[in-house]
Amino acid sequence: MKINIKSLISPNIRNLRAYSAKEIPCRVKLDANESPYGFEINADILKATTTNRYPDPEAKTLKKIVSKNLRLNPENILFGNGSDELIYYLIIVFGGPVLYPVPAFSMYGIISQALGEKRIEVPLDDEFDLDTDRILSLIKKEKPRIIFLSSPNNPTGNCFSADRILKIVEFTSSSVTGHWSLVVVDEAYQPFSSEKGFLPMLSDYKNLVILRTLSKIGFAGLRVGFMIADSEIINEVNKVRLPFNLNSLSQSVAAALIKDSNIIKLHVGLITSERERLLNELWKTKGIKPYPSEANFILFKVKNSDKIYDRLLKKGILVRNMRETVNGCLRVTVGTKKENNIFIKALKEVMK
Ligand code: PMP
């Protein structure tokens, strides 16, 4: 008899759908919230990387540079192979239920399901902001161990109101309410935002964790994300971290290139000003409703979104079809001026 592999798979994985990250051939790639600006890796950086030894398990050099740039204590930082990996680790360490607003970054749900943890999805309000009343009452009822809030939020692009985030952090950190949860503010898109983010609050709330990544500022190919939290949380998460999760090349390239933060700031400035121009152009395009953005992408609503997506792709332009999360919407990543012009021209043509 042939072995039935399916019967060996745990039920939560059997029903799981893999994160869709297909390589779709295109001329202009505006689907994955990457930076359009990459960096050259010079021979000195490559020479400094040894191939026969394991990488530094603690990524000490990189940690020193990141902590200096963000004025943090190195003991409050932990690196992951992308922040995705840290989401995994956090759910392994703290367990569920896991609460997050929807629409949200899909990995919160995928990883929770993979690990067999209960998911509590709370719809955002009409302004794509947090429905705090509903969230607080679900905290009381369901006692989530982790709450993920991505701000700026992917895929909607807005920041959640800081006072609403704070209300949730306070509610879940107080011995008066007795409801303790870890609140993870995922700041993957923070560099593009006009808001100051939650790093300044870290010392006030022990249950607050911040996730950051280098993926959106030109280093998606290196897979470097990091979490910032109280050292007790860092030490617990470090217990499940795979010993050499950040490879030598990523460590040395990131360390060498983020030292010069001016060039990164320049790229971020170009992207945010292009974002505003793109938003304006989308507003002016009949039949399109764009949503304001504090990130490096714009969500927009359009009639016949599937058709528009296909027609753009036929012209070689790849955006993200949000069919499964925000019905009728497409999400476009801000590219270079030239790429954005190609996208706008093509969009105006396919809308006719
Ligand atoms: N958080 C959010 C909100 C994201 O949109 C993404 C990437 N799409 C990530 C985390 C993961 O980033 P990475 O694993 O590349 O660091």
Side-chain angles (χ1 to χ4, degrees), residues 18-23 29-36 38 59 62 66 70 77-91 98-112 114 121 124 128 130 146-160 165 183-193 195 197-198 209-229 237 241-242 245-247 250-251 253-254 258 264 271 275 291 293-299 318-322 324-326 329 331-334:
Y19 179 83
S20 148
K22 273 185 263 155
E23 292 260 328
K29 188 175 184 310
L30 301 174
D31 67 322
N33 301 344
E34 298 145 329
S35 170
L62 185 58
V66 169
L70 295 175
I77 297 179
L78 189 71
F79 285 101
N81 196 288
S83 45
D84 284 348
E85 187 182 46
L86 296 167
I87 297 169
Y88 231 117
Y89 291 165
L90 283 162
I91 302 176
V98 179
L99 184 148
Y100 49 90
V102 281
F105 178 44
S106 57
M107 290 313 290
Y108 308 144
I110 292 176
I111 297 172
S112 302
E121 301 188 337
L124 292 172
F128 290 150
L130 297 169
I146 311 186
I147 298 167
F148 283 100
L149 306 171
S150 100
S151 186
N153 186 40
N154 177 12
T156 56
N158 58 307
C159 284
F160 299 140
I165 296 182
V183 180
V184 182
V185 180
D186 183 344
E187 294 189 340
Y189 301 96
Q190 173 59 29
F192 309 99
S193 167
E195 304 234 347
F198 277 75
V209 173
I210 293 182
L211 279 182
R212 291 279 182 104
T213 180
L214 301 187
S215 295
K216 314 298 169 189
I217 53 173
F219 304 98
L222 298 185
R223 308 301 296 126
V224 180
F226 54 102
M227 58 177 272
I228 309 142
V237 176
R241 184 177 62 85
L242 297 176
N245 61 332
L246 209 58
N247 73 71
S250 293
Q251 290 190 33
V253 174
I258 63 168
I264 296 174
I271 293 166
R275 177 188 71 205
Y291 295 96
S293 170
E294 295 276 329
N296 66 343
F297 57 84
I298 297 171
L299 183 76
L318 181 63
V319 296
R320 181 65 66 96
N321 191 343
M322 303 311 298
E324 280 156 31
T325 42
V326 209
C329 283
R331 191 193 69 193
V332 61
T333 304
V334 180

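Computed over heavy atoms, backbone and side chain alike; hydrogens, waters and symmetry mates excluded. Counting convention: from 1, in listed order, for ligands and their atoms alike.
There is no side-chain donor-acceptor pair under 3.5 Å between N153 and Y189. Between the side chains of N158 and E294, no donor-acceptor pair is found at a separation under 3.5 Å. Residues N154 and R331 have side chains that bring a donor and an acceptor to within less than 3.5 angstrom of each other.
Across I91 and S112, no two heavy atoms sit closer than the pair CD1-OG, 3.6 Å. Considering all non-hydrogen atoms of both residues, L299 and P155 come closest at CB-O, 3.4 Å. Taking all atoms of both residues into account, the shortest heavy-atom contact from T156 to Y291 is O-CB, 4.4 Å.
Checked against a 3.5 angstrom limit, the closest N/O atoms of S215 and ligand 1 fall inside it. Considering backbone and side-chain atoms together, D84 places an N or O closer than 3.5 Å to an N or O of ligand 1.
Proximity of S83 to ligand 1, defined as any heavy-atom pair under 4.0 Å, is shared by backbone and side chain alike.
Less than 4.0 angstrom separates some heavy atom of K216 from each of these atoms of ligand 1: 7 (C), 8 (N). Atoms of ligand 1 lying under 4.0 Å from any heavy atom of R223, numbered from 1 in the order shown and given with element: 13 (P), 14 (O), 15 (O). Less than 4.0 angstrom separates some heavy atom of A188 from each of these atoms of ligand 1: 1 (N), 2 (C).
Comparing V224, I87, D186 by heavy-atom distance to atom 2 (C) of ligand 1, the nearest is D186.
Cation-pi check for R212 over F226 is not met; the charged atom does not lie both under 6.0 angstrom from the ring centroid and within 45 degrees of its normal.
Atom 6 (C) of ligand 1 has its closest protein heavy atom at F105 CZ, 3.5 Å.
For E85, the closest heavy-atom approach to ligand 1 does not fall below 4.0 Å.
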